[in-house]
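Notes for the one structure printed next.
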Number of protein chains: 2
Amino acid sequence: MKNHLPTIKEIAKELNISISTVSRALHDHPSIGLRTKTRVQELAKKLEYEPNQTAIFFQQGKTFTIGVILPELSEAFFSSAISGIEDAAHKSNYTVLMGQSHDSVEKEKQLIDTMKKHRVDGLLISISKNTVNYEHFEALQRYKIPIVFFDRIPKIPNIHYVACNMVNGTVQAINFLFTKGHRIIGMINGPEKLPASKDRLDGYIQAMTKSRLKYDPAMVLNCNLSRESVSAATEKLLTGKRKPTAIVTFNDYVALDAVQQAQKMKLKINKDICFVSYANLPLSNYTAYPPMASVEQFPYLQGQKATETLIELLQQKSSEETDNVNATYYKIILESQLVVHNGK
Amino acid sequence: MKNHLPTIKEIAKELNISISTVSRALHDHPSIGLRTKTRVQELAKKLEYEPNQTAIFFQQGKTFTIGVILPELSEAFFSSAISGIEDAAHKSNYTVLMGQSHDSVEKEKQLIDTMKKHRVDGLLISISKNTVNYEHFEALQRYKIPIVFFDRIPKIPNIHYVACNMVNGTVQAINFLFTKGHRIIGMINGPEKLPASKDRLDGYIQAMTKSRLKYDPAMVLNCNLSRESVSAATEKLLTGKRKPTAIVTFNDYVALDAVQQAQKMKLKINKDICFVSYANLPLSNYTAYPPMASVEQFPYLQGQKATETLIELLQQKSSEETDNVNATYYKIILESQLVVHNGK
DNA sequence: ATAATTAATGCAAACGTTTGACCAGTGTCC
DNA sequence: GGACACTGGTCAAACGTTTGCATTAATTAT
């Protein structure tokens, strides 16, 4: 009548066999006779026995848990990514311990600490926008907790990561605009120091020069993503000497703000001026003038791949106990893909 | 040169004292002399000792982890809620194990199982849209894992929950429309069987009858949230005999679709027809015609409150070991609040 | 001085599981 | 009839920490 959960010890006593026999029986160990095996398994089922995971975690020195640290769940990109992570993790019987840094370095450090304390087997990290110092990641090396970075990658050597090729995505986007006849193409990019901005710019330049159009720096403006700065940039582009007929925007929010500004200026969207963006949001469906096309970054897939990579690392770690510095670092680059929004 | 992490055992050996002394010293136990206490603490720091949480979890039979099961992180409501949960949990040194049901009952069951296996101390659940059968929750009672439900609450007695008063929110919304002079007010509600829809309808009826306007069932249409059904409902309302001058929509997505339909019908938004909605989304800022006002449901706060409640339950559980059926169930209802969107 | 009290520390069990090493039978082979 | 190999099982250590209960040493009260 005791209300605590049953243990193998109890099963053992009940059946008058040893604890180890019970353990092995439950694991289908070959050296246990069929008879006892079934006896054990039946009693276990009857008692609704469930192994005490905390004991197992402890005993094995593993938690079958992977930590995930990302900036902001309310960004659609990351909420998709975490779905990919979750699904991949569950498939391999791992669980997910999650934390948001809210783009604060302090919070990021704190989270790493918590994760370390909880002895997660490995970590998946997309770094905060403001992280410039990477010691707190390096500290984890000592603890032998492998990390796979995704999407937002720190600039340090010898790391594993999964990311999406935004340079190429941008090239695709611009080539698409070429096929639609556009020749003067502007860009409203993000904050200048952001790696994401750099990729887009690189793509822009690459696409333009490859088509023997010269790269006009005046056609690329940075903004800080605020509504005002987007409006300002849009206005500046659309009233400049060379007027673009199409604009590539840093992300969908920027696109929406830019569209509004263009409308204010009495321009006809998709006629006088076209927009192409990067697909962070499902929101485009809900607005009157979504961008003509978007560069899909496959957040779900990125999360999934990152997780699979991490789990692979964990498995090879546990097999070859030789902590050799065999130093192969996974660098997985997914190709982005331009999605043309159908009609309307 | 062994690369494994230091343990209290090692500290003990190094200092020639017993393990228990070390343990107590690290916990500032009063019966340990100041001298040894500092000696221990210094060595611990030097060795960068960190207690092995898995061992502690095991030993204490607690994991200081709370499980969270919710339908869909990509819904802004839930991503805010989880932020509230995280913050509240971390404040009390709990961590969060998260899983999405994606509104699948099967997945929900599976998650509960995982959480149970991982021996979470307690659970926070927002049930899937399709859950009609509640045995999998009741099963947890046996395991003494307390649950606090939030936002989406199952219809069973004797549970703890935190929710937002949508009836009242709807009343406020409609009263607001009254003050703006509207008398004929329509509603595009969600699926009929959803509790959320029922609350809104109740509020609608309550507000109308209280103002001695009669409740006209023809003014309230259900939709299945798809774009088409929203458009259809909007059209029906706006071409009916009594034409509403304002419409309350089930959520922001519905509002946006309805706005588009109204525009298609050459109506001037905020002039010929006004919209009021429920604030699930920050998206309203990014669209040309956001609803005039929204009922704020305070997802962050709901998450926070739910977490605090759960932690309180956990603490009182561990103190009074008497597993009395003292049966006080927390039912926390937050008041929703109408937010009027400024201008434009 | 000696008993009583207090302060500081040590001992050992307990938490539930896994796992390498060992052992008792039983049968087989030559 | 002894060496050999199975088969089916048991024993006990180990994982790192906490904690009730002893134990010792030092101090005080009588």
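Reminder, nothing fancy here: chain letters follow the sequence lines and each chain counts from 1. Worth knowing before you read on, the calculation uses all heavy atoms, side chains too, and leaves out hydrogens, waters and symmetry mates.
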(request) Identify which nucleotide among dG10(C), dT17(C), dT18(D) has an atom closest to any side-chain atom of I17(B), counting heavy atoms from C-beta outward. (result) dG10(C)
(request) Just call it for F57(A): base, sugar-phosphate, or nothing, with non-hydrogen atoms closer than 4.0 Å on any strand. (result) nothing
(message) Closest approach to the side chain of Q60(B), judged atom by atom: which nucleotide of dT18(C), dT19(D), dG16(D) is it?
(response) dT19(D)
(request) Would you indicate what I56(A) reaches in the nucleic acid, counting non-hydrogen atoms under 4.0 angstrom: base, sugar-phosphate, or nothing? (result) sugar-phosphate
(request) State whether a side-chain donor-acceptor pair under 3.5 Å links S83(A) with S80(A). (result) no
(message) Rounding to an integer number of Å, can you tell me how far Q53(A) CD sits from dC15(D) C1'?
(response) 16 Å
(request) Classify the nucleic acid contact of I19(B) as base, sugar-phosphate or nothing, counting any heavy atom under 4.0 Å across all strands shown. (result) base
(request) Return the nearest nucleotide to the side chain of S18(A); candidates are dT18(D), dG16(C), dC11(D). (result) dC11(D)
(message) Between D103(A) and R152(A), does any side-chain N to carboxylate O distance fall below 4.0 Å?
(response) yes
(request) Consider only side-chain N and O atoms of Y300(B) and D87(B), and report whether a donor and an acceptor are under 3.5 Å apart. (result) yes
(request) Quickly work out the N52(A) CG to dG16(C) P distance and round it to whole Å. (result) 7 Å
(request) Report yes if the distance between the aromatic ring centroids of H118(A) and F57(B) is under 6.0 Å, otherwise no. (result) yes
(message) Measure NZ/K62(A) against C1'/dT18(C) and give the value in whole Å, please.
(response) 14 Å
(request) Using the closest heavy atom to pick a nucleotide of DNA chain D for each, name whichever of R24(B) or Y49(B) lands nearer the 5' end. (result) Y49(B)
(message) Side chain of T21(A) only, heavy atoms from C-beta on: which candidate in dC11(C), dT10(D), dG16(C) is closest?
(response) dT10(D)
(request) Under the side-chain hydrogen bond (donor to acceptor under 3.5 Å, both in side chains) rule, what do T21(B) and S18(B) come out as? Steps first, then yes or no, please. (result) CA-CA 5 Å; T21(B) 304; S18(B) 81; 3.0 Å; yes
(request) Determine whether the side chains of S128(B) and T131(B) contain a donor N or O and an acceptor N or O closer than 3.5 Å. (result) yes
(message) Nearest to the S23(B) side chain among dT19(D), dC11(D), dG10(C), which nucleotide is it?
(response) dT19(D)
(request) Using the salt bridge (Lys or Arg N to Asp or Glu O under 4.0 Å) rule, pick out the option among R119(B), K116(B), K117(B) that qualifies with E50(A). (result) K116(B)
(request) Figure out the NE2/C1' separation between H27(A) and dG9(D), and round it to whole Å. (result) 17 Å
(message) Could you tell me how far apart I8(B) (CD1) and dT19(D) (C1') are, to the nearest whole angstrom?
(response) 11 Å
(request) May I have the distance from H29(A) (atom NE2) to dT10(D) (atom C1'), rounded to whole angstrom? (result) 13 Å
(request) Could you check which residues of residues 31-45 of chain B get a heavy atom under 4.0 Å from DNA chain D? Sort them by number, please. (result) none
(message) How long is the straight-line distance from OG1 of T54(A) back to CZ of F58(B), given to the nearest 0.5 Å?
(response) 6.0 Å
(message) What is the separation between atom CZ on R119(A) and atom P on dT17(D), rounded to the nearest whole Å?
(response) 8 Å
(message) With no hydrogens and no angle check, just 3.5 Å: does a side-chain donor-acceptor pair link Y49(A) and E10(A)?
(response) no
(request) For the helix from dA1(C)-dT30(D) to dC30(C)-dG1(D), figure out the bend between the end axes, five pairs an end, and round to 10 degrees. (result) 60°
(request) Ignoring hydrogens and angles, state whether a donor on the side chain of H102(A) or S104(A) is under 3.5 Å from an acceptor on the partner side chain. (result) no
(message) How many whole angstroms separate atom CD of Q59(B) from atom P of dA13(C)?
(response) 15 Å
(request) Side chain of T7(B) only, please: which of dT18(C), dG20(D), dT17(D) is the nearest? (result) dT17(D)
